[in-house]
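Convention: sequence-line order gives letters A, B, ...; per-chain numbering from 1. Note that the structure is a prediction, hence the values are computed from the model and not measured.
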Protein chains: 2
Amino acid sequence: MLCFGQTVAMVGIEGARSRARAEVTAAIKEEARRQLAEEGAARLSLRAVARELGMVSSALYRYFPGRDELLTALIVDAYSAAGAVAEAAASDSEGSAPSVRWREVCRALRRWALAHPHEYALVYGSPVPGYAAPDRTTEAASRIAMALFGVVADAVAAGDCAEPVDGPPAELLADAREVRARIGLELPAAVLARSLVVWPQLFGLIGFEVFGQLRGVIERRETYFDHAVDQLAATLGLFGERSARS
Amino acid sequence: MLCFGQTVAMVGIEGARSRARAEVTAAIKEEARRQLAEEGAARLSLRAVARELGMVSSALYRYFPGRDELLTALIVDAYSAAGAVAEAAASDSEGSAPSVRWREVCRALRRWALAHPHEYALVYGSPVPGYAAPDRTTEAASRIAMALFGVVADAVAAGDCAEPVDGPPAELLADAREVRARIGLELPAAVLARSLVVWPQLFGLIGFEVFGQLRGVIERRETYFDHAVDQLAATLGLFGERSARS
DNA sequence: CCAATGCGAGAGCACTGCTCTTGTTTTTCC
DNA sequence: GGAAAAACAAGAGCAGTGCTCTCGCATTGG
């Protein structure tokens with residue numbers, strides 16, 4: 001019994017039946033993602049997806065229990081797509097100075113967000129369905145943060161990260177310690193605390209641009225973003241040659 | 001001919017007709033805001049609003065051309081509510097040190113956002129209707145930013161703001177100068193540029209909390225936010241007694 | 001081979017935004 | 001004051017939505 005929506009990568013020996021099921025499920029998600037990119041999450045219509053796929057709407061309920069579940073499947077995919085982009089940028093820049101690695105990961109996330117605004121809205125915008133985010137989304141979400149914190153951890157390990165001058169308050173340190181215990185990342189609690197503070201600020205920058213809040217205010221958005229991200233790197237204490245702008 | 005949705009404050013001598021019209025318009029918006037707060041923007045239903053008000057749905061179209069226009073009216077109201085909150089915090093803290101004024105305004109915005117999550121989502125979350133934000137929303141939006149930048153400007157005027165050590169790039173300065181010319185605020189372009197960089201980061205912090213992105217990560221959210229905001233004040237170069245935590 | 005299960009199609013329900021028409025009330029102008 | 005004009009509420013109706021249920025057909029597993 002396959003659960004709905006999960007990416008059935010390895011179907012293997014399974015009969016033709018479940019293979020067909022996996023293919024139809026993938027086709028549904030693909031068409032849904034297409035409509036999402038075109039019209040946005042609010043206008044994503046189950047019936048339209050079914051229509052485009054040449055099947056009747058009720059048949060679609062064999063694959064997804066409802067519209068919200070289709071959406072959460074798309075959310076999980078979007079999270080992991082963004083996570084993959086961030087991880088790729090982090091590993092591609094391995095060996096570079098911490099501040100340029102940080103900048104590369106941030107740039108990659110921004111690029112992905114601008115290329116997929118509706119999917120970005122799905123994961124970092126207002127929560128669309130009822131209100132509760134299922135657990136599978138949060139664990140998919142952590143990949144992005146892990147990629148970000150990973151370059152900080154690498155910098156600390158290499159001695160390329162300055163210790164905070166005036167440490168964060170004790171309560172924040174406690175939260176940081178709990179997070180560290182859960183994700184198992186090797187870095188001082190004070191540095192993780194600093195990262196946890198910077199983390200939402202990065203998505204504030206990206207979100208403002210994607211959601212059009214910068215329209216009529218900032219025109220040279222690329223340099224704006226790069227400068228902001230460099231400043232965040234400085235806040236994080238990341239070392240690196242100053243402004244190795246390509 | 002009254003335009004839809006606009007707050008008809010001064011009806012004055014006008015006949016009983018337009019007075020009734022203003023009242024009905026206000027009642028519609030009130031009920032819509034109630035439903036918005038309960039169910040979110042996606043589930044706001046024109047018919048349900050009409051039903052709750054004891055009228056038929058088609059009658060509602062005499063007051064609002066459509067659902068989207070009702071929503072943009074709510075957006076404008078939400079913007080100006082948040083703007084009023086920010087302005088009040090700014091003027092209430094007049095005379096205090098710049099960094100504590102900054103913190104007060106930030107706190108006030110966070111409090112409002114947490115108290116009205118769906119309205120916050122309306123203005124700083126994913127853009128819900130088609131895609132374009134009418135002009136009236138952007139001018140209402142500027143009030144919030146003006147309150148924020150206002151305390152920075154006051155700090156500069158009082159000599160309580162440090163000049164940036166390494167200035168922002170030239171292109172960002174150009175954008176800052178254009179913004180300054182448009183809004184007519186007395187502060188150096190470099191300082192405004194710094195403020196424009198910090199601005200989205202603040203709403204990244206608020207948005208992450210309101211949208212539940214901090215769930216399971218940061219538990220002591222108040223100290224977290226205060227610390228982050230203090231750090232932003234430092235980035236802005238705002239002077240003030242260190243951590244005058246109440 | 002035959003029962004069990006998975007599946008697609010259709011009808012149908014309750015709901016949505018929106019339009020058009022039909023009377024009624026109110027304002028406005030001569 | 002009375003007639004023309006405008007504003008209004010109500011209803012019917014259209015196209016679309018998510019979702020449920022039932023019905024036959026196909027595939028699967030024992």
| message | With salt bridge (Lys or Arg N to Asp or Glu O under 4.0 Å) as the rule and sequence neighbours excluded, what pairs involving residues 81-93 of chain B come up? | response | B/Glu87-B/Arg143
| Quick one: is C/dT16 close enough that its OP1 or OP2 comes under 4.0 Å of any side-chain N or O from B/Arg67? | no
| field | 4.5 Å side-chain heavy-atom contact, B/Ser57 and B/Leu46 | value | no
| side-chain hydrogen bond (donor to acceptor under 3.5 Å, both in side chains) involving B/Ser93 - partner list, sequence neighbours excluded | B/Arg101
List, with names and distances, any nitrogen or oxygen atoms from the protein found under 3.5 Å away from nitrogen or oxygen atoms belonging to nucleotides 13-15 of chain D.
| unit_1 | atom_1 | unit_2 | atom_2 | d |
| --- | --- | --- | --- | --- |
| D/dG13 | O6 | B/Arg47 | NH2 | 3.4 |

| What residues form a side chain to side chain contact (heavy atoms under 4.5 Å, CB included) with A/Val123, not counting sequence neighbours? | A/Ile75, A/Ala78, A/Tyr79
| message | Using OP1 and OP2 only, check whether a side-chain N or O of B/Tyr63 sits under 4.0 Å from D/dA9. | response | yes
| Qualifying residues under ring-ring contact (aromatic ring centres under 6.0 Å, His included), relative to B/Tyr224, sequence neighbours excluded | none
| said: Does the protein touch nucleotides 25-30 of chain D at the base, only the backbone, or not at all? Give it as B, S and - per nucleotide, heavy atoms under 4.0 Å. | reply: --BS--
| message | Consider side chain to side chain donor-acceptor pair (under 3.5 Å). Of A/Arg110, A/Arg215, A/Arg221, which one does A/Glu209 pass it with? | response | A/Arg110
| field | Mutual orientation of the aromatic rings belonging to B/Tyr120 and B/Phe203 [parallel < 30°, tilted 30-60°, perpendicular > 60°] | value | parallel
| query | Out of D/dC21, D/dC8, C/dT16, which has the shortest distance to the side chain of B/Ser45? | reply | C/dT16
| A/Arg51 side chain near D/dT17 phosphate (N/O to OP1/OP2, under 4.0 Å) | yes
